[in-house]
Amino acid sequence: MRYGLIGCGRISFNHLKAAINNNLELVALCDIDVQAIETLLKRSNILFNSKIKKYNDYEKMINENKFDLISIATDSGIHSEIACYCLEHGIHTIIEKPIAMSIEDANKIISLSKKNDLKVSVCHQNRFNLAVQEMRKAVEQGRFGKLSHGSINIRWNRGEKYYKQASWRGKWASDGGTLMNQCIHGIDLLRWMMGDDIKEIYGITRQRFHNYIEAEDIGIAVIKFMNGAVGTIEGTVNVYPTNLEETLYLFGEKGTVKLGGKSTNSIDVWDFENSLESDKDKLNLSEPTSNVYGNGHTSLFFDMIDSIKNNRDPYVDAIAGKNALEVVLAIYKSQKINLPIKFPLRNFSSIEMHGEFNK
């Protein structure tokens, strides 16, 4: 498949590595900063491949080449604009999280993918973590029984140096805060594990230590699921001095599981009423990762390629991307109006939070 990458910043290496691991034909790269393209190619050890075209205009790149698949790794604020352009030009699309910054734009992506019979996958790659996959199997097998509650805790650190690496970070229009950027992966996992269907959310956010950004550096929320279970979210970049953990707990009448590590990449607790012989292999399962992004991009790309070849939905499709976005935006809206938010969230955008912490 002929592949192109739009956006060559911090996360782009994971996209390019995944494309190479899946034997995609790299046709072109695009970034408004041409030096970012050179840096990415050098880091990827393909600097001297003269066949790779380089662009600073994604529309020109798409119009001058044929692509089967494009992935988008730009700042979050233009994910939806570029994704819609790709879909309008008949290209299957992988979108780095979040899918969009508004419910309206997420719905537009879903509608275009259906209308043009194209596949869209959103990079919630932690679904492919080995530990996460084991938890999901236990959920699907009914081993937890009736769910009581679950929680996701993302306790990380981001300082001024991180935010100054790119001007779009921490802004409502182009990024959002810690819930939208750092925590949306864990939020996706919690909603997915607990049944997806939500009744309402109450959330609060604050900006405690990062007064040089627009958005939140901590968010806390309580979720009422339709099945009666309760979920809690704690997400922050205020942990001193470095990333501490990303832990996912699930509590049922017949089982308790805790996923830990820096990014839900290990199993710390695995207890079930009806134990299986295979359970002893689960406890202390740990998947080494070089960073908090984990290893899942390669698996997500593989799944996307297979979904195109076999005309099926990707494992992490556009609806999954919208579901994670909906939770974050509901927490933002709850903070804004100081009330619980009923689901579904019909429309809300991160830009509606402008000035929230200037009061």
Side-chain angles (χ1 to χ4, degrees), residues 10-11 14 76 96-99 122-132 135-136 149-159 162-163 169-170 175-194 198 201-210 213 215-223 230-251 257-269 286-287 289-297 316 320-321 323-332 334-335 350 353:
R10 181 181 170 108
I11 192 62
N14 293 63
S76 303
E96 183 56 46
K97 59 76 188 166
I99 186 174
V122 183
C123 288
H124 291 295
Q125 72 277 357
N126 286 354
R127 288 196 182 194
F128 293 94
N129 288 359
L130 298 179
V132 171
M135 177 186 270
R136 182 65 186 179
H149 61 292
S151 67
I152 185 69
N153 308 289
I154 306 98
R155 295 162 175 155
W156 286 358
N157 172 279
R158 293 291 184 275
Y162 165 82
Y163 288 99
R169 289 182 181 154
D175 186 26
T178 184
L179 294 178
M180 187 73 83
N181 191 320
Q182 286 77 32
C183 304
I184 197 168
H185 288 299
I187 288 169
D188 164 65
L189 295 181
L190 180 68
R191 181 171 186 175
W192 184 47
M193 293 296 181
M194 298 196 68
I198 293 174
I201 287 179
Y202 178 73
I204 59 171
T205 62
R206 295 290 185 270
Q207 186 193 92
R208 298 293 293 163
F209 303 152
H210 298 72
I213 67 173
E216 86 283 354
D217 55 20
I218 182 170
I220 308 287
V222 177
I223 307 173
V230 178
T232 60
I233 296 167
E234 176 194 336
T236 185
V237 288
N238 291 344
V239 174
Y240 177 86
T242 59
N243 291 342
L244 179 62
E245 63 182 349
E246 180 175 352
T247 55
L248 176 64
Y249 292 83
L250 208 54
F251 301 96
V257 172
K258 174 194 175 187
L259 305 188
K262 294 290 176 66
S263 55
T264 57
N265 56 301
S266 66
I267 297 177
D268 296 347
V269 176
S286 184
E287 180 180 7
T289 61
S290 58
N291 54 51
V292 293
Y293 300 133
N295 305 321
H297 278 89
V316 192
N323 283 349
L325 173 71
E326 184 182 30
V327 172
V328 175
L329 291 178
I331 297 170
Y332 284 170
S334 183
Q335 163 67 27
S350 62
M353 297 296 288

How many angstroms lie between atom CG of Leu130 and atom OG of Ser266, to the nearest 0.5 angstrom?
-> 11.0 Å
Specify the closest pair of heavy atoms between Gly176 and Ala215, including all atoms of both residues, with the distance to one decimal.
-> C-CB, 3.5 Å
Looking only at heavy atoms, which two atoms of Thr264 and Ala131 are closest? And how far apart?
-> O-CB, 4.0 Å
Mind checking the CD1-OG1 spacing from Ile218 to Thr205? Nearest 0.5 Å is all I need.
-> 9.5 Å
Can you tell if the side chain of Met353 reaches within under 4.5 Å of the side chain of Met180, non-hydrogen atoms only?
-> no
Nearest heavy-atom approach of Phe209 to Asp217 is N-OD2, 2.8 Å
Quick one: closest heavy-atom pair of Gly177 and Tyr332, and the distance?
-> N-OH, 3.0 Å
Nearest-0.5 Å distance, CG of residue Leu248 to CE of residue Met193 | 6.0 Å
Mind checking whether His124 and His185 have parallel, tilted or perpendicular rings, split at 30° and 60°?
-> perpendicular
Does Glu246 use its side chain to pair, donor to acceptor, with the backbone of Ile154 at less than 3.5 Å?
-> no
Side chain to side chain contact (heavy atoms under 4.5 Å, CB included) between Tyr249 and Asn153, worked out | CA-CA 9 Å; Tyr249 292 83; Asn153 308 289; 3.6 Å; yes
Side chain to side chain contact (heavy atoms under 4.5 Å, CB included) between Val327 and Ile233, intermediate numbers included | CA-CA 10 Å; Val327 172; Ile233 296 167; 3.9 Å; yes
Kindly say whether Asn129 contributes a backbone atom to a donor-acceptor pair with the side chain of Glu287 at under 3.5 angstrom?
-> no
With rounding to the nearest 0.5 Å, note down the distance linking OG1 in Thr232 to CD1 in Ile223.
-> 8.0 Å
4.5 Å side-chain heavy-atom contact, Lys258 and Thr247 = yes
Kindly say whether Asn157 contributes a backbone atom to a donor-acceptor pair with the side chain of Asn243 at under 3.5 angstrom?
-> yes
Pairwise side-chain contact, Ile198 with Arg191, heavy-atom cut-off 4.5 Å (strictly under) | yes
On a heavy-atom basis, the closest approach of Cys183 and Gly235 is SG-CA, 3.5 Å
Show your reasoning for whether side chain to side chain contact (heavy atoms under 4.5 Å, CB included) applies to Met194 and Leu250.
-> CA-CA 8 Å; Met194 298 196 68; Leu250 208 54; 3.7 Å; yes
Rounded to the nearest 0.5 Å, the CG atom of Asn238 sits from the CD atom of Gln207 at a distance of 9.5 Å
Is there a side-chain contact between Trp156 and Thr178 (heavy atoms, below 4.5 Å)?
-> no
Does the side chain to side chain contact (heavy atoms under 4.5 Å, CB included) test come out yes or no for Tyr162 and Arg10, once each step is laid out?
-> CA-CA 11 Å; Tyr162 165 82; Arg10 181 181 170 108; 3.8 Å; yes
Can you check whether Arg158's main-chain N or O pairs, donor with acceptor, with His210's side chain at less than 3.5 Å?
-> yes
Do any N or O atoms from the side chain of Arg155 and from the backbone of Val239 form a donor-acceptor pair under 3.5 angstrom?
-> no
With Lys97 as partner, the option from Asp188, Asn181, Asn126 fulfilling side chain to side chain donor-acceptor pair (under 3.5 Å) is Asn181
What is the minimum heavy-atom distance between Ser151 and Leu190, and which atoms define it?
-> N-CD1, 3.7 Å
Distance from Ile187 atom CD1 to Ile152 atom CD1, nearest 0.5 Å?
-> 8.5 Å
